[in-house]
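The block underneath contains the structure these notes are about, expressed in structure tokens.
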There are 2 protein chains.
Amino acid sequence: MATISEVAAKANVSVATVSRVLNGSCKVSEERRRRVLQAVEELQYEPNLVGRMLRKSETRTLLVVFSIMLPDLIRGIKDAAAAAGYEVILQYSPGPDTDASQFAMLYRGMADGAILPEIQIDRTLLASLYDHFTIVQCGETTNDPQAHVVAVNNEEIACQMTRYLIEQGRKRIATVGIGDCQGNPAYFSRERREGARRALAEIGIPLDRQLHLDVQTGYRGGAEAADYFLSLPERPDAIFCFQDTVAVGCMQSLRRQGVAVPEDIAVAGFDDLEICRFIDPPLTSVKQPFYEIGREAVRTWMIIHHDQPKRSIGRQVRLAARLVLRESTGGSPVVVD
Amino acid sequence: MATISEVAAKANVSVATVSRVLNGSCKVSEERRRRVLQAVEELQYEPNLVGRMLRKSETRTLLVVFSIMLPDLIRGIKDAAAAAGYEVILQYSPGPDTDASQFAMLYRGMADGAILPEIQIDRTLLASLYDHFTIVQCGETTNDPQAHVVAVNNEEIACQMTRYLIEQGRKRIATVGIGDCQGNPAYFSRERREGARRALAEIGIPLDRQLHLDVQTGYRGGAEAADYFLSLPERPDAIFCFQDTVAVGCMQSLRRQGVAVPEDIAVAGFDDLEICRFIDPPLTSVKQPFYEIGREAVRTWMIIHHDQPKRSIGRQVRLAARLVLRESTGGSPVVVD
DNA sequence: CTTTAATTTGTAATCGATTTCCTTCTATTT
DNA sequence: AAATAGAAGGAAATCGATTACAAATTAAAG
């Protein structure tokens, strides 16, 4: 790989001139500019990012730590970052709790800040990240007024979904949320459950503790939830899972035990992953605008990073989601806006 | 974030001494070492990777460009990289063809080399990558003897799967491979198809061109394949898809059109993703040892990078896969080693 | 008690880029 | 033709770490 001095030597100019040609400060004569560009071409020169980062004390790189792969969200992040001249580096953090090791890139100066999509993380660790860097969370929410969050309006859309289930004649409506290792529900689960509670309250049904539990993310968690509900003396007639993978696992376990979906128990999910259309019965879900969430998260990051005095009020963006109705909840399949 | 000079100032030593304490060259007096470690502790100092990379002209970072998310594979890569003292940065490259922009990190000096899991990529681009960097491919294969590849023995295991389908009484066995935008099949598809061909040849059935096609990766490709097969005058009685997502899409389309799986048509997949156990009927598949593939890919990278003269013979590692038999192919569900 | 060897420590160069500062050159004005 | 303003380009500092080399200190040997 060629360096700037090799380009300078080949073009017979100083390194300063090469840098000026490539970075726009346009006080370079046409003749020299041509020579430089030709040398760049011939040597296939690409400026070394490490050198630039060091000199500028800025990496122009965003760290994205994700726990579940949402292609549209990643695309939204990448597109918005590219538009702002930033690189993106991804870190995969499996498991319900994200630990400090995932942020080594941040602490060691390889990124200017981070976007945390759908990440559950210890409050203390999160606070220390906020102290040192610009951090934007998305998907997962929080009640911390200083946090920067981009997410859908969980409570509202969960309320709508629950109302829809009620319209379909369901009365014993269960919910399955996502919890971390210690069994604390994710904050988005609380919001969604609150929406469900509100819809039930509207028709005078109080919250039945038995019908609401939190599991770990993934198919297995859904299967466990189904087994639990089937063990109850009074089974639910609808199960609203706060993630599609959980709903898929739930449906599988119900079917295996001879329970018909949606006839005996309706099942709804959340996220509207592609799999929803490809399982049997197709799964009713909540479509999150993942691409827009990713894009907004980066825009928010840019705003905070450039304009914001440290540790002021958090910026919280809520986007609209919509119901996607399919066969798993009975009724006729439509998309409700 | 503190720098090495701040640590040096606080400990009242030179920066060289701080570096020596932290990098092991152990000729530092106990007294000074203690002072340095205390300053490091108090300032929460973490060496800046950008500075280190520049000085050492080495990033100790691997770029991983992936097109489909395989958690175990990523874990295998991360674990092996960490064991060798390397960082990993992920890049997501959706779509069937990976273009040069995904490798900017490499060309701009942010990584020493790359691992390419399940990546389909233009030969010319790949060759130019091999010219400049240490590259290891995994999952996807190639017939280039200079390439470094870690993968399962596709032909052998596909042959076994096809034999199993034949044992189950199937005779018209179709295959669905993965192709890129131009319709060229991925190399792993060719290998798997050759295995299927061999198994059919063993019982005297010649290859029927009509029964073998390539689609784009994902559920939709599988649905398209199913539609095509159902349009044939003589339908197949088994469909062997070379990716699980394709098989899932295929089954959905078959079911929607009233075709019973496995009674009318058996379906088998490849990869043994978690979803296989959670759809109905559970999907027979080929279990790839993804964690080991990731680990071997990194080990291979290290060997090539440190020992190898440029552009010598490629290192090709083949690992064993095994059949996972479930209801989608009839028969009794078992795992065959 | 000196001389020499061994060990520890600090100074300064280095990696590749950007940018400040200063010099050189050209063009304009009087 | 001289004076001055303005433009263009080069030399050198800078970012944060590592490390070769030189200097300083200590230990060992005579």
Side-chain angles (χ1 to χ4, degrees), chain A residues 1-37 39-40 43-61 85 87 104-112 132, chain B residues 1-37 39-40 43-61 85 87 104-112 132:
Chain A
M1 300 281 91
T3 71
I4 197 171
S5 2
E6 299 177 50
V7 174
K10 180 151 210 151
N12 210 28
V13 298
S14 72
V15 292
T17 301
V18 176
S19 180
R20 283 193 270 255
V21 167
L22 296 176
N23 293 300
S25 12
C26 44
K27 351 177 210 172
V28 178
S29 74
E30 208 42 59
E31 158 66 5
R32 276 155 189 268
R33 173 187 305 278
R34 206 189 42 69
R35 290 216 307 271
V36 168
L37 290 176
V40 165
L43 293 170
Q44 301 228 54
Y45 171 71
E46 296 271 355
N48 182 301
L49 287 182
V50 176
R52 173 183 302 187
M53 286 176 178
L54 185 59
R55 172 58 225 242
K56 297 192 125 180
S57 302
E58 172 192 51
T59 63
R60 297 211 137 236
T61 297
E87 291 285 339
M105 287 282 183
L106 220 41
Y107 283 112
R108 309 194 58 181
M110 294 289 295
D112 296 336
H132 297 293
Chain B
M1 299 284 89
T3 70
I4 197 171
S5 4
E6 299 177 51
V7 174
K10 179 151 209 151
N12 210 30
V13 298
S14 72
V15 292
T17 300
V18 176
S19 180
R20 282 192 271 256
V21 168
L22 297 175
N23 293 299
S25 14
C26 44
K27 352 176 208 175
V28 178
S29 74
E30 208 44 58
E31 158 67 5
R32 275 155 190 267
R33 172 187 306 278
R34 206 189 41 70
R35 290 216 307 272
V36 168
L37 290 176
V40 165
L43 293 170
Q44 301 228 52
Y45 170 71
E46 297 269 356
N48 182 301
L49 287 182
V50 176
R52 172 181 303 186
M53 285 176 179
L54 185 58
R55 171 58 224 243
K56 298 192 120 180
S57 304
E58 172 191 54
T59 63
R60 297 211 135 236
T61 297
E87 292 284 339
M105 287 283 184
L106 220 40
Y107 283 113
R108 308 194 59 182
M110 294 289 294
D112 296 336
H132 297 293

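In the text below, chain A, chain B and the rest are named by the order of the sequence lines, each starting its count at 1.
Listed nucleotides C:dT19, C:dA17, D:dG16 differ in distance to B:T3; the shortest reach to its side chain belongs to D:dG16. Comparing C:dT9, C:dT18, D:dG10 against the side chain of A:S19 picks out C:dT18 as the nearest. The A:V28 side chain lies nearest to D:dG9 when the options are D:dG9, C:dT19, C:dA17. Candidate nucleotides C:dT9, D:dG16, D:dG10 were compared by shortest atom distance to the side chain of B:N48, and D:dG16 ranks first. Here the nucleotide nearest the side chain of B:V15, chosen from C:dT19, D:dT18, C:dA17, is D:dT18.
Once rounded to the nearest 0.5 Å, the distance linking CE of A:M53 with CE of A:M110 reads 5.5 Å. Rounding to the nearest 0.5 Å gives a distance of 10.0 Å between CZ of B:R32 and CZ of B:R20. Of the inter-residue distances, the one linking A:L43 atom CG with A:I4 atom CD1 reads 12.0 Å to the nearest 0.5 angstrom. Atom CG of B:L22 and atom OG1 of B:T17 lie 11.0 Å apart (nearest 0.5 Å).
In this structure, A:L49 places its CG atom 20 Å from P of D:dC15, rounding to the nearest Å. If you measure from atom CZ of A:R108 to atom P of D:dG16, you get 15 Å, rounded to the nearest angstrom. D:dT14 atom C1' lies 16 Å from atom CZ of A:R52, rounded to whole Å. Between the C1' atom of D:dA17 and the CD atom of B:E58 lies a distance of 14 Å, rounded to the nearest Å. Atom CZ in B:R20 sits roughly 20 Å away from atom P in D:dG16 (whole-Å rounding). The CE atom of A:M53 sits 14 Å away from the C1' atom of C:dT18 (whole-angstrom rounding). The nearest whole Å value for the distance from the CE atom in B:M110 to the P atom in C:dA17 is 13 Å. Rounded to an integer number of Å, the gap from CD1 of A:I4 to C1' of C:dT19 is 11 Å.
End-to-end axis angle of the helix from C:dC1-D:dG30 to C:dT30-D:dA1, using five pairs per end and rounding to 10°, comes to 60°.
Ranked by how close their nearest DNA chain C nucleotide is to the 5' end, B:N12 and A:Y45 are led by B:N12. The residue among A:T17 and B:S14 whose nearest nucleotide of DNA chain C is located toward the 5' end is B:S14.
The pair B:R35-B:E31 meets the salt-bridge criterion, with a side-chain N (NZ, NE, NH1 or NH2) lying under 4.0 Å from an Asp/Glu carboxylate O.
For the residue pair B:S14 and B:A8, the shortest heavy atom distance occurs at C-CB, 3.8 Å.
One finds a side-chain N or O of A:S29 lying less than 4.0 angstrom from the OP1 or OP2 phosphate oxygen of D:dG9. The shortest distance between the side-chain N/O atoms of A:N23 and the OP1/OP2 oxygens of C:dT18 is below 4.0 Å.
Judged by distance alone, with hydrogens and angles left aside, the side-chain atoms of A:R60 form no donor-acceptor pair with the main-chain N or O of A:E87 at under 3.5 Å. A donor-acceptor pair under 3.5 Å is absent between the side-chain atoms of A:D112 and the main chain of A:E58, judged by distance alone.
Counting non-hydrogen atoms under 4.0 angstrom, A:V13 reaches the backbone sugars and phosphates but no base.
Donor-acceptor pairing under 3.5 Å, judged by distance alone, is absent between the side chain of B:R55 and the base of C:dG16.
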